[in-house]
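Encoded as structure tokens, the structure appears first; notes follow it.
Letters go in sequence order (proteins before strands), and every chain restarts at 1.
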Amino acid sequence: MQAAKALTLEDLTSFCIRRGFFLPTGRIYGGIRGFYDYGPLGAEMRKEILDDWWYYFVRRRSDVVGIHGAIITHPKTWEASGHVESFFDYLVTCRKCGKDYRADQLLEDLGFRLQTPTLDAISRVIRENDVRCPECGGELSEPQPFNLMFVTYVGPKRGAASEAYLRPETAQLIFTNFKDIYYTMGMKLPFGIAQVGEVFRNEISPRGFLFRLRQFTQMEIEYFVNPKKANECPFFDEVAGMTVQLLTAEQQERGEGEPLRITLAEAWECGYIGSQWHAYWIGESLRWLVRIGLSPHRLRVREHVKGELAHYAVQTFDVEYYFHFMGWKEIEGISNRGDYDLSRHQQFSGKTMAVEDGGELVIPHVIEPSFGLERIILALLTEAYRLEAGRPLLALNPRVAPVKVAVFPIVAKPDFVRKAREIYAMVKEHFTAIYEEKGTIGRRYYDADEMGVPFAVTIDGRTLEDDTVTVRFRDTKEQVRVPVSELVSTLRDLMARWDEVSRRRAAAPASEQSL
RNA sequence: GCGGCCGUAGUCUAGUCUGGUAGGACGCCGGCCUGCCACGCCGGAGAUCCCGGGUUCGAAUCCCGGCGGCCGCACCA
């Protein structure tokens, strides 16, 4: 007997690569850290999640519109946003032993206090105090800026004048377009602008499969409210009664790790969450995360402590998911950005960002739910992955499953094959579907289970007699027989009632499984 | 970026210490068999042994450098 071993991130990584969810980019050349390509199943899953997000947060609502911004935009954007300033670190290299140090950190370790770690300040402190390499005593190089934004050049000439950045967040495209959207769409406060897209961060050390990437996808909403009406959210009733696990900054500063179990109404009334709109967006976010298949008990809301707050943030809560192999990790950040961004763009562009509300001009305050798509996919796969009799099965919610239906002739005889292909063609018009005729029927069911296909349709001898097929459920293995004429509507109905259909699933959560 | 461990067909892996041009399993392809839950039979293809350099008559194996991965530290808008 081999010792039982819990599912690890490595197991999940190799499962994803083997089944074609993700591939390390440029793999035939050895790959490149922090970048992954989506394979066929991953690409389908990504699209399902994106579509559902867009439906839930944009199309379903009348107060949110969507945009799709450019990846390279005017460089001034990133000066105004504070990214140029706070995305730079400085490296100094020992001229003798070649070791690199982060300049501000080295100086701090040696007891020097810098108000602002600018190039000049660092350089001066090093020179005036004859700071040397702590390892070998060698002379240090001039500080080199290390930019966490990817730099590129616009046009044929390389140089300072043509320098531009790949966007490190989608939010700024919303802020720079704010006034135009406000006018062209005739928006009135409060309202939101949503955007989905790729962002790029030149991380020093990408880690954890999909967890820290250099290119990833954000799904963001910037929701603009009149600061005087920060506590007048007309939708608050929809989430007020939701109980959440909340870990406040205060608790963390006291060293407490056990979150409060508290309703959003209480969390707001007690002042843990600073504004009603902020509490509303926390609730609405959690509802969507549960809707696509994450368990409420594995989701908690953790407030950023002081040192953790971003340069723009008034108050931030992370929605964290419990990954049993690495603990609680952020999958979404929900920040109150105040008027930081709009004020900065007003200042840098010289154009007013104030809009009219209730007879006065205001610069709106912003609540920003920002979802990391790849982290959410990682959470969904972690939650869905389980072993049944030694074989992997993905119990994905049909909303996000890359393939919804598998169609099989029970054996590959011409009559069955002909009928099965006919049914496959019909099903494919309505759902993402696959067809397979090779191998035993059990084998094909298990392969489909591994891809997370919720329903398998089988054509057998009876189909040719009375035009019915069996529909098999991935999670319970139970089957129902339905007329071909009602197949599509039955499948649609089963997906709509999924929570009920899957309630009987017997398998334990992945964290309690062993390999 | 630092330290430790690691890199062999699509996947998992034997072989590495004690150098003699790679073996298995799963998967894949072709054929047969199969009538509701993987692991029936026969045949076959598939390996720059991560990359580059060095030592050697000879390197998957030893040495150096690089790339990539995992863990820890640091970093994390």
- Query: A/Arg207 has a side chain; which of B/rC36, B/rC71, B/rA38 sits nearest to it?
  - Reply: B/rC71
- Message: Which nucleotide wins on minimum distance to the side chain of A/Lys438, given the candidates B/rC37, B/rA74, B/rG30?
- Response: B/rG30
- side chain to side chain contact (heavy atoms under 4.5 Å, CB included) between A/Leu289 and A/Ile331, worked out: CA-CA 10 Å; A/Leu289 291 168; A/Ile331 59 172; 4.1 Å; yes
- Item | Nucleotide B/rC36, atom C1' - distance to OH of A/Tyr446 in whole Å | 11 Å
- Separation of the C1' atoms in B/rU13 and B/rG7, to the nearest angstrom: 13 Å
- Message: Please classify the nucleic acid contact of A/Glu169 as base, sugar-phosphate, or nothing, using heavy-atom distances under 4.0 Å.
- Response: nothing
- Query: Is there a Watson-Crick or G-U wobble partner for B/rC28 with both distances under 3.5 Å, and which nucleotide is it?
  - Reply: B/rG44
- Checking N1-N3 plus N6-O4 or O6-N4 for Watson-Crick, or N1-O2 and O6-N3 for wobble, each under 3.5 Å, the partner of B/rC33 is none
- Partner of B/rC5 under the Watson-Crick or G-U wobble criteria, both distances under 3.5 Å, comes out as B/rG69
- Task: Test A/Leu396 against A/Met45 for side chain to side chain contact (heavy atoms under 4.5 Å, CB included), laying out the working first.
- Result: CA-CA 10 Å; A/Leu396 291 168; A/Met45 192 171 167; 3.9 Å; yes
- Query: So, is A/Arg33 near the phosphate of B/rG69, with a side-chain N or O under 4.0 Å from OP1 or OP2?
  - Reply: yes
- What closest approach, in Å, do A/Ala164 and A/Ile72 show between heavy atoms, and which atom pair accounts for it? CB-CG2, 3.8 Å
- Item | Selection from B/rC12, B/rC71, B/rC37 that lies nearest to any side-chain heavy atom of A/Ser14 | B/rC12
- Task: Determine which nucleotide pairs with B/rU21, using a 3.5 Å limit on both distances of a Watson-Crick or G-U wobble pair.
- Result: none
- For the pair A/Glu450 and A/Arg18, find out whether any cationic side-chain nitrogen is under 4.0 Å from an anionic carboxylate oxygen. yes
- Task: Select base, sugar-phosphate, or nothing to describe what A/Phe416 touches, counting heavy atoms under 4.0 Å on all strands.
- Result: base
- Message: Here's a test of your reading of the structure: between A/Tyr445 and A/Leu9, which maps to the more 5' nucleotide of RNA chain B?
- Response: A/Tyr445
- Query: Charged N to carboxylate O under 4.0 angstrom, A/Lys419 versus A/Glu422?
  - Reply: yes
- Determine, for A/Arg444 against A/Glu436, whether the closest basic-nitrogen to carboxylate-oxygen distance falls under 4.0 angstrom. no
- Message: Is a donor from one side chain sitting under 3.5 angstrom from an acceptor on the other, for A/His304 and A/Asp318?
- Response: yes
- Message: For a quick check of understanding: with a heavy-atom distance under 4.0 Å over all strands, which category does A/Phe209 fall into, base, sugar-phosphate or nothing?
- Response: sugar-phosphate
- Classify the nucleic acid contact of A/Ser81 as base, sugar-phosphate or nothing, counting any heavy atom under 4.0 Å across all strands shown. nothing
- Task: Among the candidates B/rA38, B/rC76, B/rU11, find the nucleotide nearest to the side-chain atoms of A/Arg18.
- Result: B/rU11
- Please figure out whether A/Asp460 or A/Gly34 has its closest RNA chain B nucleotide nearer the 5' end. A/Asp460
Between protein and nucleotides 32-34 of chain B, what N or O pairs are separated by less than 3.5 Å?
none

- Query: Under 4.0 angstrom, heavy atoms only, what part of the nucleic acid is A/Arg27 near: base, sugar-phosphate, or nothing?
  - Reply: sugar-phosphate
- On a whole-Å scale, what distance lies between the P atoms belonging to B/rA60 and B/rA9? 14 Å
- Task: Determine whether any donor atom in the side chain of A/Arg391 lies under 3.5 Å from an acceptor atom in the base of B/rC37, or the reverse, and answer yes or no.
- Result: no
- Using the C1' atom as the reference point in each nucleotide, state the distance between B/rG24 and B/rG58 in Å, no decimals. 26 Å
- Item | Residues A/Glu198 and A/Arg46 bridged, charged N to O under 4.0 Å | yes
